[in-house]
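One structure is given below, encoded as structure tokens.
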Amino acid sequence: MEDRAVPGSMRPRNGASLFLALLLCVMAGCGRNNGAGHGPAAGRVMVMGARTPAGGETSVLPPSGTSPADSVSAVSFLSLEAARDTIDMLLRRAVDLADTAVHVSRDTVTFAYWYARSTARGWVVKAVVRDTSGCPVEPLESALLARGWVMASGYGADGPDGTSLGLRSRDLLCVIAGQWDGGDDSDSTYVPAPGCVVTATLVPLRAGDVPR
């Protein structure tokens, strides 16, 4: 992780007293946001979602300019089921539920971690799309990133007939996978079937579940 300076930190130099340093800081307006219209001070985080009793979710977005892959997520939930309900809500928002060719469901699942030699019981939320209305992989990913989730290293994979990616909160892992008909390179007349299946699997994080 890249070292970052601590905003507002001061250290007396050349024999200056701590009192003098504090006095200079007060005169210079340290810690104040001088001038109307200026954004938050560098390094400050914005607390979001503190009042979400239905989902039990709180989140802290990383400072502006911080890459999600370099961040430590501060999103937390009261329970695995509360996180499941959030994933379910976001996935339903990403599809057209009025479309009879779209169906969303959820179920329990046993998940095998990619890098840790362990399994865990969790939840899977699934969207089945049987027309050309689009697969909700990217909308779900964007919605989670916007809420403060960060990318989980090593859980990305892409191919002609599917994709997968991982995101994590403070203590949970969500693996999003999409599957579709990728066509047949050996047959130029082949017409891929429309639609896709998107799953979001939610389990606790495991120590050591990172690429070696």
Side-chain angles (χ1 to χ4, degrees), residues 55 57 67-71 73 75 77 80-169 172-206 208-212:
E57 172 188 4
S67 170
D70 299 329
S71 301
S73 176
V75 179
F77 295 87
L80 188 64
E81 286 70 29
R84 172 207 62 195
D85 291 344
T86 296
I87 301 295
D88 187 290
M89 173 193 68
L90 295 176
L91 187 56
R92 290 176 183 274
R93 287 180 179 177
V95 297
D96 182 6
L97 293 177
D99 185 349
T100 57
V102 177
H103 179 68
V104 178
S105 62
R106 62 190 187 186
D107 200 356
T108 56
V109 67
T110 298
F111 177 78
Y113 294 90
W114 287 19
Y115 304 100
R117 294 181 179 179
S118 179
T119 61
R121 293 286 291 173
W123 288 93
V124 59
V125 183
K126 179 167 67 174
V128 179
V129 180
R130 295 188 177 90
D131 59 13
T132 59
S133 58
C135 290
V137 172
E138 291 185 4
L140 181 58
E141 175 191 6
S142 298
L144 289 174
L145 290 175
R147 297 173 79 92
W149 291 64
V150 298
M151 303 304 296
S153 177
Y155 271 92
D158 288 294
D161 56 358
T163 187
S164 69
L165 58 100
L167 298 105
R168 53 186 171 83
S169 66
L172 298 175
L173 171 68
C174 179
V175 180
I176 303 173
Q179 294 181 309
W180 50 78
D181 187 345
D184 186 351
D185 292 339
S186 64
D187 184 358
S188 60
T189 64
Y190 180 82
V191 179
C196 65
V197 176
V198 175
T199 58
T201 302
L202 187 67
V203 290
L205 284 176
R206 281 286 186 271
D209 185 41
V210 293
R212 292 176 176 81

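Note that the structure is predicted; figures quoted are calculated from it, not measured.
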List for me each residue that meets side-chain contact (heavy atoms from CB on, under 4.5 Å) alongside P204, sequence neighbours excluded, and say none if there are none.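 side-chain contact (heavy atoms from CB on, under 4.5 Å) check on P204 returns Y113, A120, R206.
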
Does C196 have any side-chain contact (heavy atoms from CB on, under 4.5 Å) partners at least two apart in sequence or in another chain, and if so, which?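 Listed in chain order: V129, C135, P136, W180, V198.
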
Would you compute the distance between atom [atom1] of [X] and atom [atom2] of [Y] and round it to the nearest 0.5 angstrom?
{"X": "D158", "Y": "T163", "atom1": "CG", "atom2": "OG1", "result": "3.5 Å"}
{"X": "F77", "Y": "T86", "atom1": "CZ", "atom2": "OG1", "result": "4.5 Å"}
{"X": "R168", "Y": "S153", "atom1": "CZ", "atom2": "OG", "result": "8.5 Å"}
{"X": "L140", "Y": "L145", "atom1": "CG", "atom2": "CG", "result": "9.5 Å"}

Shortest non-hydrogen contact from [X] to [Y]?
{"X": "C174", "Y": "A200", "answer": "SG-CB, 4.1 Å"}
{"X": "H103", "Y": "S105", "answer": "NE2-CB, 3.9 Å"}
{"X": "A152", "Y": "L173", "answer": "CB-CD1, 3.8 Å"}

With sequence neighbours left out, which residue pairs that include part of [range] fulfil the salt bridge (charged side-chain N to carboxylate O under 4.0 Å, His left out) condition?
{"range": "residues 88-104", "value": "D88-R92, D88-R106"}
{"range": "residues 175-187", "value": "none"}
{"range": "residues 113-136", "value": "none"}

Could you check V203 against T119 for side chain to side chain contact (heavy atoms under 4.5 Å, CB included), going step by step and ending with a plain yes or no? CA-CA 9 Å; V203 290; T119 61; over 6 Å; no

Does the side chain of [Y] come within less than 4.5 Å of [X]'s, by heavy atoms?
{"X": "I87", "Y": "W123", "value": "no"}
{"X": "L202", "Y": "V125", "value": "no"}
{"X": "L144", "Y": "I176", "value": "yes"}

Where do D161 and Q179 land on the side chain to side chain contact (heavy atoms under 4.5 Å, CB included) test, with the steps shown first? CA-CA 6 Å; D161 56 358; Q179 294 181 309; over 6 Å; no

Atom CD of E138: over 12 foreign heavy atoms under 6.0 Å: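 Not buried by this count: 12 neighbours or fewer within 6.0 Å.
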
What residues form a side-chain hydrogen bond (donor to acceptor under 3.5 Å, both in side chains) with T201, not counting sequence neighbours?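 T201 satisfies side-chain hydrogen bond (donor to acceptor under 3.5 Å, both in side chains) with no residue once adjacent residues are dropped.
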
Sort out for me which residue in Y155, W114, Y115 forms a side-chain hydrogen bond (donor to acceptor under 3.5 Å, both in side chains) with D209.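 Among Y155, W114, Y115, the one that satisfies the side-chain hydrogen bond (donor to acceptor under 3.5 Å, both in side chains) with D209 is Y155.
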
Given side chain to side chain contact (heavy atoms under 4.5 Å, CB included), test L165 with V137 step by step and report yes or no. CA-CA 9 Å; L165 58 100; V137 172; 4.1 Å; yes

